[in-house]
Amino acid sequence: GSLRGQDPGPRPLELKEVFTLFQIQYNRSYSNPAEYARRLNIFAHNLAQAQRLQEEDLGTAEFGVTPFSDLTEEEFGQHYGHRRAAAGVPSLGRKVESEEWGES
Amino acid sequence: VPRTCDWRKAAGVISSIKNQANCNCCWAIATVGNIEALWGITWQPSVELSVQQLLDCDRCGNGCGGGFVWDAFITVLNNSGLASEKDYPFQGKGKPHKCLANKHKKVAWIQDFIMLKDNEQTIASYLATHGPITVTINVKLLQQYQSGVIRATPTTCDPRHVDHSVLLVGFGVEGRRAEAGSSRPRPRHSTPYWILKNSWGANWGEKGYFRLHRGSNACGITKYPLTARVQLPQNRRPVSCPP
């Protein structure tokens with residue numbers, strides 16, 4: 001939810017600090033305060049998601065802040081994976097479903 | 001199948017990490033990486049090849065809008081090879097109606113391309129004895145990935161939904177000892193993994209690479225393993241994958 005109205009405690013400040021470091025590291029700026037707030041919320045969501053992945057992953061992977069931490073899952077998919085195709089425009093590495101392939 | 005294999009350790013096989021930026025061209029970069037590697041293994045010295053040629057000339061004509069690895073291989077066959085990256089450089093945007101393949105000298109070509117069996121042992125064997133292979137995986141977990149071996153489940157990473165093509169360059173086994181500074185607990189058992197070359201720049205992941213668990217079809221890695229075939233020169237011993 002919106003950060004507006006929240007008590008200024010250590011947790012939001014820490015999050016904002018991490019977000020500021022992210023912006024510096026990946027050279028991100030946002031056009032207006034509303035967009036900043038939206039990206040901050042997405043960033044917070046992604047950090048929580050990374051923490052969940054970290055807990056669930058059975059390997060040795062580290063999940064956390066990446067260049068894509070201010071993108072929604074859908075935006076990430078559009079740019080780097082399963083683009084939601086519009087009017088027949090194919091996607092990146094388009095989603096492939098066929099089970100008919102045999103060996104060449 | 002050897003215990004470990006890493007084509008990055010062989011000189012002139014794996015080219016530099018690319019950055020697709022705002023162009024949806026993982027399929028073209030993976031294909032070019034495959035041909036560069038096989039060409040480097042077969043015919044030293046290596047050469048960097050043109051991704052832009054595939055974006056401009058792909059038979060489906062979508063350029064940065066997306067494509068398939070198999071279409072890219074067919075485009076290479078139809079174009080009688082690939083120009084060099086130097087002659088036909090990457091511009092980050094596709095011009096599907098302005099294919100300039102005929103205006104540039106081809107510096108690498110392929111005889112054929114094949115799809116391997118959807119079996120990780122077969123893929124490892126082929127990788128170790130022939131060279132890097134393109135694979136197409138579910139990209140979902142890579143958004144938050146920083147380092148280490150991803151051991152996904154079908155729930156966290158659906159192996160049926162594959163949407164990102166990358167280059168498989170090796171495999172290995174991670175021992176019990178965790179990396180220094182890691183906040184993760186040590187794995188109780190050794191973890192076999194694949195080494196994959198991504199196309200999101202060298203600042204992403206493990207210097208542009210990432211690792212997936214080997215043996216569990218993590219993120220659908222076995223769904224579409226494709227590779228070109230480059231004719232071996234006569235009187236030349238095949239190169240083996242460095243351990």
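Order of the sequence lines fixes the chain letters, A, B, ..., with proteins taken first and strands second; residue numbering starts at 1 for each chain.
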Exercise. Are side-chain heavy atoms of B:Trp204 and A:Pro67 found at a separation under 4.5 Å?
Worked result: yes
Exercise. How long is the gap from CD on B:Gln143 to OG1 on A:Thr66, to the nearest 0.5 Å?
Worked result: 6.0 Å
Exercise. What residue in B:Thr156, B:Val149, B:Leu212 has the most heavy-atom pairs under 4.5 Å with chain A?
Worked result: B:Val149
Problem set entry | Other residues, nucleotides, ligands: >12 heavy atoms within 6.0 Å of B:Gln121 CD | no
Exercise. With no hydrogens and no angle check, do the side chains of B:Glu174 and A:Thr60 hold a donor and an acceptor under 3.5 Å apart?
Worked result: yes
Exercise. Is atom CD of A:Glu35 surrounded by more than 12 heavy atoms (other residues, nucleotides or ligands) closer than 6.0 Å?
Worked result: yes
Problem set entry | Distance, nearest 0.5 Å, that separates CD of A:Glu62 from CD1 of B:Ile150 | 11.5 Å
Problem set entry | Within 6.0 angstrom of A:Asn32 CG, more than 12 heavy atoms from elsewhere | yes
Problem set entry | Per-residue contact mode, A:Leu47 against chain B (heavy atom under 4.5 angstrom) | neither
For this session: Please flag which part of B:Ala21 lies under 4.5 Å from any non-hydrogen atom of chain A: side chain, backbone, both or neither.
Result: backbone
Exercise. If you round to the nearest 0.5 Å, how far is CD of A:Glu56 from OG1 of B:Thr153?
Worked result: 7.5 Å
For this session: Step by step, work out the side chain to side chain contact (heavy atoms under 4.5 Å, CB included) result for A:Gln54 and B:Gln144.
Result: CA-CA 10 Å; A:Gln54 187 86 51; B:Gln144 324 286 357; over 6 Å; no
For this session: Quick one: list whatever passes ring-ring contact (aromatic ring centres under 6.0 Å, His included) with B:Trp194, sequence neighbours left out.
Result: B:Phe171
Exercise. Quick one: does A:Tyr80's side chain get under 4.5 Å of B:Asp163's, heavy atoms only?
Worked result: no
Exercise. Should we say atom CG of B:Asn203 is surrounded by more than 12 heavy atoms from elsewhere, each under 6.0 Å from it?
Worked result: no
Exercise. Is there side-chain contact between A:Phe76 and B:Val139, with heavy atoms separated by less than 4.5 Å?
Worked result: yes
Problem set entry | Most chain A-contacting option - heavy-atom pairs closer than 4.5 Å, from B:Tyr145, B:Tyr193, B:Trp200 | B:Trp200
